[in-house]
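Counting starts at 1 for both ligands and their atoms, in listed order.
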Amino acid sequence: MAKNRHEELGLTNEDVLHIFETMLMARRIDERMWLLNRAGKIPFVISCQGQEAAQVGAAYALDNGKDWIAPYYRDMGVVLHFGMTAKDLMLSAFAKAEDPNSGGRQMPGHFGQRKNRIITGSSPVTTQLPHAVGVALAAKMNKEDFITFVTLGEGSSNQGDFHEGMNFAGVHKLPTVIMVENNKYAISVPIEKQLACVNVSDRAIGYGMPGVTVDGTDPLEVYKVVKEAADRARRGEGPSLVETICYRLTAHSSDDDQRQYRDSEELEKEKKSDPIPKFAIYLKEVGILTEEIEKEMEERIMKEVNEATDYAENAAYAEPESALLHVYAEKGGNE
Ligand SMILES: Cc1ncc(C[n+]2csc(CCOP(=O)(O)OP(=O)(O)O)c2C)c(N)n1
Ligand SMILES: [Mg+2]
């Protein structure tokens, strides 16, 4: 019998259900955050909606038991696969003391969690790229068995940090995978006004690494290319650039009014390639996702999202006296 697409990639039925569940979890957490924001309960949302396939497909191609990741602010799908929980994410959204990312100090989306090897990120876009390249350099110098993975938006590939980091990674053949989530907008600026070349991946050749553009609404396509790039990095053959084409299904953030720059017809048209229903159709066609499994999955996810929301809403804020923690070195080290 002919193999299904996921079987050809070496993925089992359990693997693809797992991928789907993580995508759905990211979407449901994100949707809840918008409701909480509009109800005045949380200050800010920056969405993963439309990018879940790229994020989870890529994360699944890495080793979440040993690789180090430097995600950007939309990467809820990536951090969930690396072990961050709905509760952790909600604690961050409510800016509570127990938020593992920053103890409620940073805006949501500034991921960082040592135990899951998620490298702390900063607000200026693309600063995470030289960080990930530096960690990859450490892996190479210390002959350690891991690679790094870094993501950014396509608009951010115009920043100097992108070019400096790419160049350094290329020259030193560092074990890193650089993924650009091209969602066709940088806040209000559409893709046509961002790049003079056709694809972001066209830039790879200038830094001596392979560059590939894939459909970022299909987790299997993304898994395939990120797996190839990760294997290449593990073999010591150097970095790769992966560009995933998707679409930002929400406003840039909860503080943005997208009606100023994009019309609703465009949005409606792009919703047809929403990665969540699209992957559900595939899983149903191959007989893996039944109505019953889907219902159970939705219930499991909503229970977790509800519990995470309640927990985070009732959790304590950080003590004002702790504001300077991790800012200055402390006596006996800054552990
Ligand atoms: C160096 C720097 N310049 C500007 C900003 C403000 N800013 C935040 S997100 C963003 C747009 C980034 O667009 P893109 O890279 O395409 O990512 P997307 O938000 O579309 O995922 C900008 C300009 C910033 N954070 N850092
Ligand atoms: Mg963008």
Side-chain angles (χ1 to χ4, degrees), residues 23 26-27 30 33-34 37 43-59 69-79 101-102 105-112 119-133 149-166 178-204 211 213-217 222 241-258 260-262 266-267 270-271 273-275:
M23 288 168 60
R27 176 66 61 95
D30 202 289
M33 286 179 176
W34 279 91
N37 175 265
F44 186 75
V45 188
I46 190 126
S47 267
C48 63
Q49 292 189 37
Q51 298 177 214
E52 298 92 339
Q55 296 171 359
V56 183
I69 58 169
Y72 93 118
Y73 45 83
R74 297 199 192 278
D75 276 331
M76 196 157 2
V78 175
V79 297
N101 297 280
S102 69
R105 287 161 173 76
Q106 271 278 30
M107 289 168 83
H110 291 62
F111 303 114
I119 304 165
T120 302
S122 191
S123 290
V125 293
T126 335
T127 41
Q128 69 276 17
L129 202 152
H131 296 168
V133 168
F149 172 72
V150 57
T151 56
L152 61 149
E154 81 294 342
S156 302
S157 75
N158 297 313
Q159 281 287 126
D161 282 27
F162 175 82
H163 299 275
E164 293 170 36
M166 289 276 289
I178 298 155
M179 186 169 99
V180 172
E181 298 180 31
N182 181 349
N183 61 11
K184 301 183 190 155
Y185 279 91
I187 310 188
S188 57
V189 182
I191 185 72
E192 310 79 61
K193 291 187 182 156
Q194 294 183 48
L195 302 170
C197 50
V198 178
N199 294 310
V200 175
S201 64
D202 294 341
R203 294 174 162 179
T213 297
V214 280
D215 178 358
T217 65
V222 178
L241 175 65
V242 173
E243 175 187 17
T244 59
I245 307 287
C246 38
Y247 189 77
R248 199 189 74 205
L249 291 176
T250 64
H252 173 73
S253 75
S254 53
D255 291 344
D256 173 39
D257 180 2
Q258 59 178 342
Q260 301 294 324
Y261 58 85
R262 113 170 138 175
E266 178 186 314
L267 192 55
E270 291 282 356
K271 274 188 184 159
S273 54
D274 182 331

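- By the 3.5 Å distance cut-off applied to N or O atoms, Pro124 is not counted among the residues near ligand 1.
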Query raised in the report: Does the pair Arg248 and Glu270 meet the rule for a salt bridge (Lys or Arg N to Asp or Glu O under 4.0 Å), with working shown?
Result: CA-CA 9 Å; Arg248 199 189 74 205; Glu270 291 282 356; over 6 Å; no
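- Side-chain atoms of Tyr247 and Gln49 form no donor-acceptor pair, as typed in the model, at a separation below 3.5 Å.
- With the Mg ion (ligand 2) as the vertex, atom OD1 of Asn183 and atom OE2 of Glu154 span an angle of 100° (nearest 10 degrees).
- For the Mg ion (ligand 2), the set of nearby N, O or S atoms under 2.8 Å includes one belonging to Tyr185.
- No donor-acceptor pair under 3.5 Å is formed between the side chain of Gln51 and the backbone N or O of Arg74.
- Among the atoms of Gln51, none of the N or O lies under 3.5 angstrom from an N or O of ligand 1.
- Annotation: side chain of Arg203 is in contact with side chain of His163 (closest heavy-atom distance under 4.5 Å).
- At least one donor-acceptor pair under 3.5 Å links the side chain of Asn37 to the backbone N or O of Pro43.
- On a distance-only criterion, Tyr72 and ligand 1 share at least one N/O pair closer than 3.5 Å.
- Under the 30°/60° scheme for interplanar angles, the aromatic rings of Tyr261 and Tyr185 are found to be tilted.
- At least one N/O-N/O distance between Gly155 and ligand 1 falls below 3.5 Å.
- Without hydrogens or angle criteria, Glu154 side chain to Asn183 main chain gives a donor-acceptor distance under 3.5 Å.
- Minimum interatomic distance between Cys48 and Gln55 (heavy atoms only, all atoms of both residues): CB-OE1, 3.7 Å.
- Protein heavy atoms are found less than 4.0 angstrom from atom 24 (C) of ligand 1.
- Of all the atoms in ligand 1, the ones that sit under 4.0 Å from a non-hydrogen atom of Ala186 are 13 (O), 16 (O).
- Atom 22 (C) of ligand 1 has its closest protein heavy atom at Ile187 CD1, 3.7 Å.
- Against a heavy-atom cut-off of under 4.0 Å, Gly153 is close to the following atoms of ligand 1: 14 (P), 15 (O), 16 (O), 17 (O).
- Ranked by closest heavy atom to atom 1 (C) of ligand 1, the top entry among His252, Arg248, Lys184, Gln159 is Gln159.
- At the shortest separation from atom 26 (N) of ligand 1 among protein heavy atoms lies Val125 N, 3.0 Å.
- At a heavy-atom distance under 4.0 Å, no atom of Ser157 approaches ligand 1.
- Between Asn183 and ligand 1 there is a heavy-atom distance shorter than 4.0 Å.
- Using modelled atom types and a 3.5 Å distance limit, the side chains of Thr151 and Asp75 yield a donor-acceptor pair.
- Those atoms of ligand 1 that come under 4.0 Å of a heavy atom in Arg74, given as number and element, are 18 (P), 19 (O), 21 (O).
- Which of Tyr185, Phe162, Tyr73 comes nearest to atom 20 (O) of ligand 1 through a heavy atom is settled by distance: it is Tyr185.
- Inter-residue side-chain proximity for Ile191 and Asn182 is flagged as met; some heavy-atom pair is nearer than 4.5 Å.
- When hydrogens are left out, the protein atom nearest atom 15 (O) of ligand 1 is Ser156 OG, 2.6 Å; that is the closest non-hydrogen contact.
- With contacts defined as side-chain heavy-atom distances shorter than 4.5 Å, the pair Gln159/Leu129 does not qualify.
- Remark: atom 10 (C) of ligand 1 lies closer than 4.0 Å to at least one protein heavy atom.
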